[in-house]
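In what follows, chains carry the letters A, B, and so on, assigned in the order in which the sequence lines appear, proteins first and then strands, with residues in each chain numbered from 1.
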Amino acid sequence: MQQKFWLMKSEPSTFSIDHLAALPHQTEHWEGVRNYQARNFMRDEMKVGDEAFFYHSNCDTPGIVGIVTIVKSAYPDHFALKKSSPYYDPKSTTENPRWYMVDVKLKQKFDTVISLRTLKENTALAKMPLVQKGNRLSILPVTANEWRTILKMLKK
DNA sequence: GCCAACGTTGGC
DNA sequence: GCCAACGTTGGC
(Lines give C-alpha, C1' and ligand atoms only; values in the text may rest on other atoms or scores of the structure.)
Protein backbone atom coordinates (compact mmCIF):
# COMPACT_ATOMS: atom_id res chain seq x y z
CA MET A 1 0.00 0.00 0.00
CA GLN A 2 1.35 3.34 -1.07
CA GLN A 3 1.65 5.81 1.76
CA LYS A 4 -0.18 9.06 1.24
CA PHE A 5 0.41 12.51 2.67
CA TRP A 6 -2.12 14.95 4.03
CA LEU A 7 -2.57 18.24 5.78
CA MET A 8 -5.05 18.54 8.63
CA LYS A 9 -6.18 21.86 10.00
CA SER A 10 -7.12 22.61 13.55
CA GLU A 11 -7.70 25.79 15.45
CA PRO A 12 -5.17 25.75 18.28
CA SER A 13 -7.67 27.36 20.63
CA THR A 14 -9.79 24.22 20.15
CA PHE A 15 -7.14 21.55 19.67
CA SER A 16 -3.46 22.33 19.22
CA ILE A 17 -0.44 20.13 18.71
CA ASP A 18 0.41 20.76 22.36
CA HIS A 19 -2.92 19.29 23.38
CA LEU A 20 -2.06 16.22 21.34
CA ALA A 21 1.45 16.04 22.79
CA ALA A 22 0.07 16.16 26.32
CA LEU A 23 -2.14 13.10 25.89
CA PRO A 24 -0.93 9.80 27.42
CA HIS A 25 -0.48 8.04 24.09
CA GLN A 26 -0.23 11.24 22.09
CA THR A 27 -3.13 9.81 20.15
CA GLU A 28 -6.54 11.33 19.56
CA HIS A 29 -9.55 11.03 17.31
CA TRP A 30 -9.88 13.76 14.74
CA GLU A 31 -13.51 14.62 15.23
CA GLY A 32 -15.57 17.47 13.96
CA VAL A 33 -14.92 17.40 10.24
CA ARG A 34 -18.22 18.67 8.84
CA ASN A 35 -17.42 19.15 5.20
CA TYR A 36 -18.20 16.52 2.62
CA GLN A 37 -15.06 16.84 0.56
CA ALA A 38 -12.87 16.66 3.64
CA ARG A 39 -14.88 13.73 4.94
CA ASN A 40 -14.49 11.87 1.66
CA PHE A 41 -10.72 12.27 1.79
CA MET A 42 -10.70 10.85 5.30
CA ARG A 43 -13.21 8.10 4.74
CA ASP A 44 -12.15 6.94 1.30
CA GLU A 45 -8.45 7.61 0.98
CA MET A 46 -6.79 7.95 4.35
CA LYS A 47 -5.09 4.76 5.47
CA VAL A 48 -3.22 3.62 8.52
CA GLY A 49 0.41 4.61 8.06
CA ASP A 50 -0.35 7.75 6.10
CA GLU A 51 1.23 10.90 7.47
CA ALA A 52 -0.21 14.36 7.80
CA PHE A 53 1.02 17.82 8.59
CA PHE A 54 -0.67 19.28 11.64
CA TYR A 55 -1.74 22.79 10.69
CA HIS A 56 -2.80 25.57 13.02
CA SER A 57 -5.46 27.79 11.50
CA ASN A 58 -7.22 30.93 12.62
CA CYS A 59 -4.47 32.01 15.00
CA ASP A 60 -1.59 34.48 15.29
CA THR A 61 0.81 32.51 13.11
CA PRO A 62 -1.07 30.08 10.91
CA GLY A 63 1.17 27.29 9.66
CA ILE A 64 2.44 23.75 9.94
CA VAL A 65 3.51 22.79 13.43
CA GLY A 66 4.29 19.09 13.17
CA ILE A 67 3.54 15.66 11.78
CA VAL A 68 1.01 13.04 12.79
CA THR A 69 0.59 9.45 11.69
CA ILE A 70 -2.82 7.98 10.91
CA VAL A 71 -3.19 5.07 13.34
CA LYS A 72 -6.85 4.22 12.73
CA SER A 73 -8.76 4.59 9.48
CA ALA A 74 -12.16 6.21 9.22
CA TYR A 75 -15.00 5.24 11.52
CA PRO A 76 -18.24 7.06 12.38
CA ASP A 77 -17.81 10.34 14.25
CA HIS A 78 -20.06 9.70 17.22
CA PHE A 79 -19.85 13.34 18.29
CA ALA A 80 -22.40 13.97 15.53
CA LEU A 81 -24.91 11.95 17.56
CA LYS A 82 -24.28 13.72 20.82
CA LYS A 83 -26.69 16.58 21.37
CA SER A 84 -24.42 18.34 23.81
CA SER A 85 -21.51 18.33 21.38
CA PRO A 86 -20.68 21.37 19.27
CA TYR A 87 -20.33 18.87 16.44
CA TYR A 88 -23.87 17.54 16.81
CA ASP A 89 -25.68 16.95 13.54
CA PRO A 90 -29.33 15.89 13.82
CA LYS A 91 -29.16 14.38 10.34
CA SER A 92 -26.56 11.83 11.32
CA THR A 93 -27.74 8.53 12.80
CA THR A 94 -26.13 5.36 14.10
CA GLU A 95 -27.54 3.38 11.18
CA ASN A 96 -26.57 6.02 8.68
CA PRO A 97 -23.59 8.00 9.95
CA ARG A 98 -22.94 11.11 7.99
CA TRP A 99 -19.58 12.04 9.44
CA TYR A 100 -16.36 10.15 10.03
CA MET A 101 -13.12 10.56 11.90
CA VAL A 102 -9.71 8.94 12.04
CA ASP A 103 -7.23 8.55 14.87
CA VAL A 104 -3.92 10.35 14.70
CA LYS A 105 -0.75 9.92 16.72
CA LEU A 106 1.88 12.58 17.14
CA LYS A 107 5.04 11.77 15.22
CA GLN A 108 6.95 15.00 15.52
CA LYS A 109 6.41 18.48 16.82
CA PHE A 110 8.50 21.03 14.97
CA ASP A 111 10.77 23.38 16.91
CA THR A 112 9.36 26.25 14.90
CA VAL A 113 6.20 26.83 12.94
CA ILE A 114 6.48 26.66 9.16
CA SER A 115 4.24 29.65 8.69
CA LEU A 116 1.72 30.04 5.95
CA ARG A 117 3.60 33.14 4.93
CA THR A 118 6.78 31.11 4.39
CA LEU A 119 4.87 28.44 2.53
CA LYS A 120 3.46 31.07 0.21
CA GLU A 121 6.94 32.39 -0.52
CA ASN A 122 8.10 28.98 -1.75
CA THR A 123 7.36 28.85 -5.46
CA ALA A 124 7.58 25.05 -5.45
CA LEU A 125 4.40 25.03 -3.38
CA ALA A 126 2.40 27.44 -5.48
CA LYS A 127 0.04 24.69 -6.60
CA MET A 128 -0.96 23.68 -3.11
CA PRO A 129 -4.59 24.58 -2.46
CA LEU A 130 -3.50 25.65 1.01
CA VAL A 131 -1.64 28.70 -0.25
CA GLN A 132 -4.35 29.67 -2.68
CA LYS A 133 -6.94 32.24 -1.87
CA GLY A 134 -10.24 31.23 -0.40
CA ASN A 135 -9.33 27.67 0.42
CA ARG A 136 -11.27 26.39 3.40
CA LEU A 137 -10.90 22.64 3.24
CA SER A 138 -9.72 21.26 6.56
CA ILE A 139 -8.31 18.02 5.13
CA LEU A 140 -6.07 18.36 2.11
CA PRO A 141 -3.97 15.88 0.16
CA VAL A 142 -0.28 16.75 -0.12
CA THR A 143 1.85 15.36 -2.93
CA ALA A 144 5.08 13.49 -2.15
CA ASN A 145 7.03 16.32 -3.74
CA GLU A 146 5.31 18.97 -1.68
CA TRP A 147 5.89 16.87 1.43
CA ARG A 148 9.62 16.68 0.73
CA THR A 149 9.82 20.35 -0.12
CA ILE A 150 8.19 21.34 3.13
CA LEU A 151 10.38 19.04 5.21
CA LYS A 152 13.46 20.66 3.66
CA MET A 153 12.21 24.03 4.85
CA LEU A 154 12.68 22.80 8.41
CA LYS A 155 16.42 22.64 8.11
CA LYS A 156 16.91 26.28 7.31
C1' DG B 1 -12.91 42.70 14.36
C1' DC B 2 -13.39 42.78 9.37
C1' DC B 3 -14.62 40.68 5.39
C1' DA B 4 -13.89 37.72 1.14
C1' DA B 5 -14.67 33.25 -0.22
C1' DC B 6 -17.06 29.38 0.09
C1' DG B 7 -20.62 25.65 1.34
C1' DT B 8 -25.30 24.75 2.66
C1' DT B 9 -30.14 25.55 3.07
C1' DG B 10 -34.63 26.19 1.63
C1' DG B 11 -38.30 28.75 -0.91
C1' DC B 12 -40.05 28.86 -5.22
C1' DG C 1 -33.07 22.80 -10.28
C1' DC C 2 -32.13 27.67 -9.48
C1' DC C 3 -30.33 30.97 -6.61
C1' DA C 4 -30.65 34.31 -2.71
C1' DA C 5 -29.84 34.27 1.97
C1' DC C 6 -27.34 32.72 5.48
C1' DG C 7 -23.59 30.66 8.29
C1' DT C 8 -18.77 29.45 8.57
C1' DT C 9 -13.87 29.60 7.69
C1' DG C 10 -9.74 31.68 8.25
C1' DG C 11 -6.24 35.21 6.82
C1' DC C 12 -5.20 39.64 7.87
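- Connectivity analysis of hydrophobic side chains (ILVMFWY, heavy atoms under 4.5 Å, direct or indirect) links A:Leu81 to nothing; its cluster partners are none.
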Only distances under 3.5 Å count here; give the side-chain donor-acceptor pairs of residues 101-108 of chain A to other protein atoms, sequence neighbours excluded, each with its distance to 0.1 Å.
| from | atom 1 | to | atom 2 | distance (Å) |
| --- | --- | --- | --- | --- |
| A:Asp103 | OD1 | A:Tyr75 | OH | 2.5 |
| A:Lys105 | NZ | A:His25 | O | 3.3 |
| A:Lys107 | NZ | A:Glu51 | OE2 | 2.8 |

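- Listed by first then second residue, pairs satisfying ring-ring contact (aromatic ring centres under 6.0 Å, His included) with a partner in residues 129-151 of chain A read A:Phe5-A:Trp147, A:Phe53-A:Trp147, not counting sequence neighbours.
- Applying the salt bridge (charged side-chain N to carboxylate O under 4.0 Å, His left out) rule to pairs touching residues 14-32 of chain A yields A:Asp18-A:Lys109, sequence neighbours excluded.
- First and last contacts of DNA chain C with chain A, using any nucleotide atom under 4.0 Å from a protein heavy atom and ordered 5' to 3', fall at C:dG7 to C:dC12.
- In this view, A:His78 satisfies the ring-ring contact (aromatic ring centres under 6.0 Å, His included) rule with no residue, not counting sequence neighbours.
- A heavy atom lying under 4.0 Å from DNA chain C marks the following residues of residues 52-63 of chain A, by number: A:Tyr55, A:Ser57, A:Asn58, A:Pro62.
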Under 3.5 Å, sequence neighbours excluded: what are the donor-acceptor pairs made by side chains of residues 36-45 of chain A?
| from | atom 1 | to | atom 2 | distance (Å) |
| --- | --- | --- | --- | --- |
| A:Tyr36 | OH | A:Arg98 | NH1 | 2.8 |
| A:Arg39 | NH1 | A:Arg98 | O | 3.0 |
| A:Asn40 | OD1 | A:Arg43 | NH2 | 3.2 |
| A:Asn40 | ND2 | A:Tyr36 | O | 3.3 |

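- Along DNA chain B, the nucleotide closest to A:Arg98 and the one closest to A:Lys133 are compared, and the more 5′ of them pairs with A:Lys133.
- With sequence neighbours left out, the ring-ring contact (aromatic ring centres under 6.0 Å, His included) criterion links A:Tyr87 to no other residue.
- Scanning all heavy atoms of the two residues, the minimum distance from A:Ser16 to A:Phe54 falls at C-CZ, 3.6 Å.
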